[in-house]
Trainee: 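Input: one structure, supplied below.
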There are 2 protein chains.
Amino acid sequence: MGHPTARERARAEFTADLLDAARARLAADGAAALSLRAVARDLGVASSAVYRYVPSRDGLLTLLIIEAYDAVGTACEAAAAQAREAGAAPGQVWLATGRAFRAWALAHPHSFSLVYGTPVPGYAAPTDTVPHAVRIWVVIVATVIDAHRDGSLRTDRAMVTVPTGTVERAALDLGAQVASATARAGDATGEQAWGEAEVVACFALFSTLVGATTVELFGHLRGAATDLAGVFDATLVAAATGIGLVVEP
Amino acid sequence: MGHPTARERARAEFTADLLDAARARLAADGAAALSLRAVARDLGVASSAVYRYVPSRDGLLTLLIIEAYDAVGTACEAAAAQAREAGAAPGQVWLATGRAFRAWALAHPHSFSLVYGTPVPGYAAPTDTVPHAVRIWVVIVATVIDAHRDGSLRTDRAMVTVPTGTVERAALDLGAQVASATARAGDATGEQAWGEAEVVACFALFSTLVGATTVELFGHLRGAATDLAGVFDATLVAAATGIGLVVEP
DNA sequence: CACAAGTGTGAGCACTGCTCTTGACAGTGC
DNA sequence: GCACTGTCAAGAGCAGTGCTCACACTTGTG
């Protein structure tokens, strides 16, 4: 491992090329039409050779799924961080996150479909995709926790009430983790107030985010609205309002 | 045309059998895996024979799409009508509609994916599907109009504000149509108040409906919540609250 | 240098959607 | 009753797919 052998370097390079080609094909034709043979053709290589680098077509899809989760996660993290650093209130941070999500989806529609659209039949996402899928959740949870702390989460305006036990342990833990990770000195105030209702509020935000993007991207608003970005913003603001997160104009 | 010839009857019967078989295959394997040859095998017939009754695989898909839109439309219409007749307030009617939508989606996941999931690549939905797709919209619009009339739409609590011109003419007209169709004697009050903000509110409701169903059905809440129905309800209530539609408990 | 591991090739299997030719049948006019 | 016309199912065939395998070749290592 000191100096990589020529073979190892060639392997890494070819793997990268393979992923590039696959990504291009995905962007051009969509996941369902992603053909291993076509990728091999693009690379000027026999189709069977690809199997030296990727276990199967589904394995290749898994790699692309992870890439997609990471891409959207990075975009949303960056947008949220930037907004937060600019001094935006949690409501505005949420809006910025959602806009980044939408922008990424519009730029990479097939990647979006791959992760948030219809699951590929007969394909079960392996567990190694989970940590990448969680990144967007962390952004949302952190924003809601922020709102919880600074008072812009007006739960009195919200209608989210759920019986105890609706939320899985792991989901509650994620919130606690994020809370302790982002805790600043001297504000242990809000921690014990983070409960199931808050987690469900995050679910609602995420559902609306995915729904608004899906509806627009898959053409269900075709011929219904001209300013789709405006409709998207309004939908996000409505969702925030619904869980008691005020968004100043 | 007076009495159908034996040939016509046989054709109608076979077409019905074909659709049954295709629906079964769709329910079992999903749209992407829907194979015309497999359907032909199920019917004990040569694959080429199927093309006498259906123009292509996409044509078959179109028939199934229309069936799906009609099924979900019927389910939601029935649920909304029943709730309304039972004297439920618009908020509760919305909840009932959403629950019917979710129930249908859970019962027919592949049909849901077919119409609200990733579009089949290279497949452009023909315009004859539009009237069937609109039915669910009519239900939502009618409910919001109802709320508009009886005062349960508290726009002062809502944050939905959009600049003029975000909504397409056709969408506004649909609202006007539904309003005049459901008008009772003596309440011409709300009509002029039906504007772009209200249409956008309907967009938001629909987005959340599709989003909440998608997220649950496609497994993005796996391991996150135990009572998925409760989370769904909470999401719907939050969406309603967000547009100013109060939902009494 | 020799052996083992890694790598690309092309043939092959079973499958797909779709087209086209072939041959069989039903309904209709003479 | 016979011939014509339109409908129909069947089967071969084309081009494509995922994937496996035996083979030849290159590379790294003992």
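In what follows, chains carry the letters A, B, and so on, assigned in the order in which the sequence lines appear, proteins first and then strands, with residues in each chain numbered from 1.
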Trainee: Between B:W104 (side chain) and B:F112 (backbone), is there a donor-acceptor pair under 3.5 Å?
Mentor: no

Trainee: Considering only heavy atoms and no angle criterion, is a donor-acceptor pair shorter than 3.5 Å present between the side chain of A:R11 and the base of C:dT7?
Mentor: no

Trainee: Hey, which sits more toward the 5' end of DNA chain C by its nearest nucleotide, A:G44 or A:R37?
Mentor: A:G44

Trainee: May I ask you to evaluate whether B:S48 reaches the phosphate of D:dG11, defined as a side-chain N or O under 4.0 Å from OP1 or OP2?
Mentor: no

Trainee: Starting at CD of A:E8 and ending at C1' of D:dT29, how long is that distance when rounded to a whole Å?
Mentor: 13 Å

Trainee: Counting any heavy atom closer than 4.0 Å, what does A:L34 reach on the DNA or RNA strands: base, sugar-phosphate only, or nothing?
Mentor: sugar-phosphate

Trainee: Does B:Q177 reach the side chain of B:V141, with side-chain heavy atoms less than 4.5 Å apart?
Mentor: no

Trainee: Whole angstrom is fine here: how far is it from CG in B:L61 over to C1' in C:dC18?
Mentor: 15 Å

Trainee: Do the side chain of A:R52 and the base of C:dG8 come within less than 3.5 angstrom through a donor-acceptor pair of N or O atoms?
Mentor: yes

Trainee: Relative to each other, are the rings of A:H220 and B:Y116 parallel, tilted or perpendicular (30° and 60° limits)?
Mentor: tilted

Trainee: Without decimals, in angstroms, what is the distance between A:F14 CZ and C:dG8 C1'?
Mentor: 9 Å

Trainee: Let's see if you can work this out: which of C:dG17, D:dC19, D:dT26 has an atom nearest to the side-chain heavy atoms of B:L36?
Mentor: C:dG17

Trainee: Given 3.5 Å as the limit, does a donor-acceptor pair link the side chain of B:T208 with the main chain of B:A239, or not?
Mentor: no

Trainee: Where the side chain of B:A46 is defined as all heavy atoms beyond and including C-beta, which of C:dT16, D:dA10, D:dT17 is the nearest nucleotide?
Mentor: D:dA10

Trainee: In whole angstrom, give the distance that lies between atom CZ of A:R57 and atom C1' of C:dT16.
Mentor: 13 Å

Trainee: For the pair made of CZ in A:R7 and C1' in C:dA5, what is the distance, rounded to whole Å?
Mentor: 6 Å

Trainee: With a cut-off of less than 4.0 Å, is there a side-chain N or O of A:R41 near OP1 or OP2 of D:dT17?
Mentor: yes

Trainee: Compare the minimum distances between each of C:dT7, D:dA10, D:dT17 and the side chain of A:S35, then state the nucleotide with the smallest one.
Mentor: D:dT17

Trainee: Respond yes when some side-chain nitrogen or oxygen of A:Y53 is under 4.0 Å from OP1 or OP2 of C:dG8, and no when none is.
Mentor: yes

Trainee: For B:L18 and D:dC8, give me the distance from atom CG to atom P, rounded to whole Å.
Mentor: 13 Å

Trainee: Tell me the interatomic distance from A:R9, atom CZ, to D:dT27, atom P, rounded to whole angstroms.
Mentor: 13 Å

Trainee: Could you state the atom-to-atom distance from OH of A:Y51 to P of C:dT9 in whole Å?
Mentor: 15 Å

Trainee: Parallel, tilted or perpendicular for B:Y53 and B:F14, by the 30°/60° rule?
Mentor: tilted

Trainee: Does B:S47 place a side-chain N or O at less than 4.0 Å from the phosphate oxygens OP1/OP2 of D:dA10?
Mentor: no

